[in-house]
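As structure tokens, the structure follows; a few thoughts come after it.
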Amino acid sequence: MAAPMSNVDEIRDRVILGEFGVKNVHTTDYPGNYPGYDDTWDLEKFKKNFRIDIVHSDENMLEFDMIGIDAAIANAFRRILLAEVPTMAIEKAFIYNNTSIIQDEILAHRLGLVPIKADPRLFEYRNPEDQEGTEIDTIQLQLKVKCTRNPRAPKDSSDPKELYLNHMVYSGDIKWLPIGNQADVFADAKIGPVHGDILLAQLRPGQELDIVMHCVKGIGKDHAKFSPVATASYRLLPEITLLQTIEGEQAERLKRCFSPGVIEIQNVNGRKVAKVVNSRLDTCSREVLRHDDLKNFVKLGRVRDHFIFSVESTGILPADVLVTEAINVLISKCQKFLTELDAAEMD
């Protein structure tokens with residue numbers, strides 16, 4: 001059982017989940033608000049308290065804890081991941097032939113949303129006034145597919161997969177056409193769609209697609225197709241405190257009120273006693289507050305400065321690289337702000 005916090009510490013450091021509302025939702029630890037507390041911002045104090053713990057990491061998923069930081073900074077970091085980390089995406093589609101039933105505009109929109117695996121750090125932003133792309137700012141792709149009848153199809157078959165060839169157009173049919181010296185510079189890079197199984201169109205014999213596409217560098221703030229993440233979100237670390245020993249049938253019901261793995265039943269001197277094992281897994285559903293005989297024995301809260309981040313990449317860049325790039329963007333924003341402050345002081 002956790003040691004009780006003072007009322008002031010609770011207001012400063014915890015968000016409390018009540019039966020009919022949520023308390024302490026706003027940050028209040030600013031200088032002079034609490035007598036006896038020194039809340040002036042100090043760099044050394046921040047360095048001591050701030051840390052990042054990696055919980056899970058693979059190529060496309062990253063879960064980490066960001067501890068000792070204000071919600072405004074955490075949210076800025078989330079928004080940068082969504083909208084300001086650049087990627088390469090299809091911007092222009094030159095449709096030379098489209099005899100499918102899909103209109104040109106719809107097909108171009110579908111193509112634009114296909115994630116393109118190309119490292120944006122190796123390219124420059126394209127000048128909007130440039131009519132022709134160059135090897136340093138443009139990737140050229142081609143989609144050329146024609147549907148024909150399968151001469152070897154069984155005579156009694158009605159399955160399109162057996163009757164026709166190339167009747168399903170997938171993102172894997174998009175091919176890279178190097179510009180200038182790109183074939184040498186990106187010889188080891190497999191430039192093209194991240195996933196080859198995205199269905200783009202369906203064709204019938206005689207129908208064909210002939211499209212050339214230009215990919216440029218951009219950010220999600222301009223268009224969602226440039227966003228490098230499928231999801232980038234955070235939540236506060238849940239905190240569950242048992243105010244007294246709960247045992248027997250009540251312990252079993254308490255366990256069912258939370259997500260699996262949060263509460264476990266332990267045998268203590270022959271008694272079934274409920275223990276909080278891993279509050280991190282809780283979804284904060286507040287189901288326990290519906291039980292009149294349990295709600296006064298449990299205190300639900302969230303740690304105000306402990307953020308659990310989940311970042312899922314679209315596959316263009318690994319998730320850990322996206323986080324690093326987001327940090328670089330945030331640093332550059334801060335540097336720009338300081339430069340403008342210095343310039344304003346000089347004026």
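It should be emphasised that the depicted structure is a prediction, and the values quoted were computed from it without experimental measurement.
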Does this structure show an ion pair linking [X] with [Y], if we count only N-O contacts that are shorter than 4.0 Å?
| X | Y | answer |
| --- | --- | --- |
| Glu239 | Arg14 | yes |
| Arg121 | Asp119 | yes |
| Arg280 | Asp65 | yes |
| Arg51 | Asp53 | yes |
| Glu287 | Arg290 | yes |
| Glu264 | Lys275 | no |

If two hydrophobic side chains count as joined below 4.5 Å and joins carry through other members, does Val323 share a cluster with Val321?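 Yes, Val323 connects to Val321 through the hydrophobic network.
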More than 12 heavy atoms from other groups under 6.0 Å of [atom1] on [X]:
| X | atom1 | answer |
| --- | --- | --- |
| Lys117 | NZ | yes |
| Glu252 | CD | yes |
| Glu59 | CD | no |

State which residues pass salt bridge (charged side-chain N to carboxylate O under 4.0 Å, His left out) with Asp210; sequence neighbours excluded, sorted by chain then number.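 With sequence neighbours excluded, Asp210 shows a salt bridge (charged side-chain N to carboxylate O under 4.0 Å, His left out) to no residue whatsoever.
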Hey, are [Y] and [X] close enough side-chain-wise for a donor-acceptor pair under 3.5 Å?
| X | Y | value |
| --- | --- | --- |
| His291 | Arg253 | yes |
| Asp9 | Tyr37 | yes |
| Thr28 | Arg12 | no |
| His56 | Asp58 | yes |
| Thr339 | Asp342 | no |

- Task: Mind jotting down which residue pairs meet the ring-ring contact (aromatic ring centres under 6.0 Å, His included) criterion with at least one end in residues 103-137? Sequence neighbours excluded, please.
- Result: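 For residues 103-137: Phe123-Phe186.
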>> Please list all pairs meeting ring-ring contact (aromatic ring centres under 6.0 Å, His included) that have one or both residues in residues 237-256, counting only residues at least two apart or in different chains.
In response: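 Sorted pair list comes back empty.
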Exercise for review: Kindly state whether the ring of Phe309 and the ring of Phe77 have centres lying under 6.0 angstrom apart.
Suggested key: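 Judged by ring-centre distance (under 6.0 Å), Phe309 and Phe77 do meet the cut-off.
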Fill in: Side-chain heavy atoms of Asn296 within contact of Leu243, under 4.5 Å
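No - every pair of side-chain heavy atoms lies 4.5 Å or more apart.
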Atom of [X], atom of [Y] and distance for their closest heavy-atom approach:
| X | Y | answer |
| --- | --- | --- |
| Val194 | Thr314 | CG1-O, 3.7 Å |
| Ser171 | Asp197 | OG-N, 3.6 Å |
| Pro238 | Arg302 | CA-CG, 4.2 Å |
| Thr27 | Arg304 | N-NH1, 3.8 Å |
| His214 | Gln140 | NE2-OE1, 3.2 Å |
| Asn150 | Glu162 | ND2-O, 3.0 Å |

ask   = Aromatic rings Phe50 and Phe46: how do their planes relate, parallel, tilted or perpendicular, breaks at 30° and 60°?
value =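 Ring orientation, 0 to 90° scale: parallel.
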**Pairwise distance CG(Asp320) to CD1(Ile54) - rounded to 0.5 angstrom** =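 Rounded to the nearest 0.5 Å, the CG-CD1 separation comes out at 8.0 Å.
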- Task: Might you work through the salt bridge (charged side-chain N to carboxylate O under 4.0 Å, His left out) test for Lys272 and Glu247, ending with a clear yes or no?
- Result: CA-CA 5 Å; Lys272 292 183 177 180; Glu247 55 185 72; over 6 Å; no
Once side-chain hydrogen bond (donor to acceptor under 3.5 Å, both in side chains) is applied, what residue pairs with a partner in residues 79-108 remain, sequence neighbours excluded?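 Residue pairs passing side-chain hydrogen bond (donor to acceptor under 3.5 Å, both in side chains), neighbours aside: Glu84-Lys333, Glu91-Lys225, Asn97-Glu208, Asn98-Ser100, Asn98-Asp104.
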**Message:** Run the ring pair (Phe, Tyr, Trp, His ring centres under 6.0 Å) test against Phe258 and tell me which residues pass, sequence neighbours left out.
**Reply:**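 Once residues adjacent in sequence are excluded, Phe258 has no partner under the ring pair (Phe, Tyr, Trp, His ring centres under 6.0 Å) criterion.
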- Task: Any chance you could pull the hydrophobic cluster mates of Ile179, using side-chain heavy atoms under 4.5 angstrom and chaining through other members?
- Result: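 Noted: Ile179 shares its cluster with no other residue.
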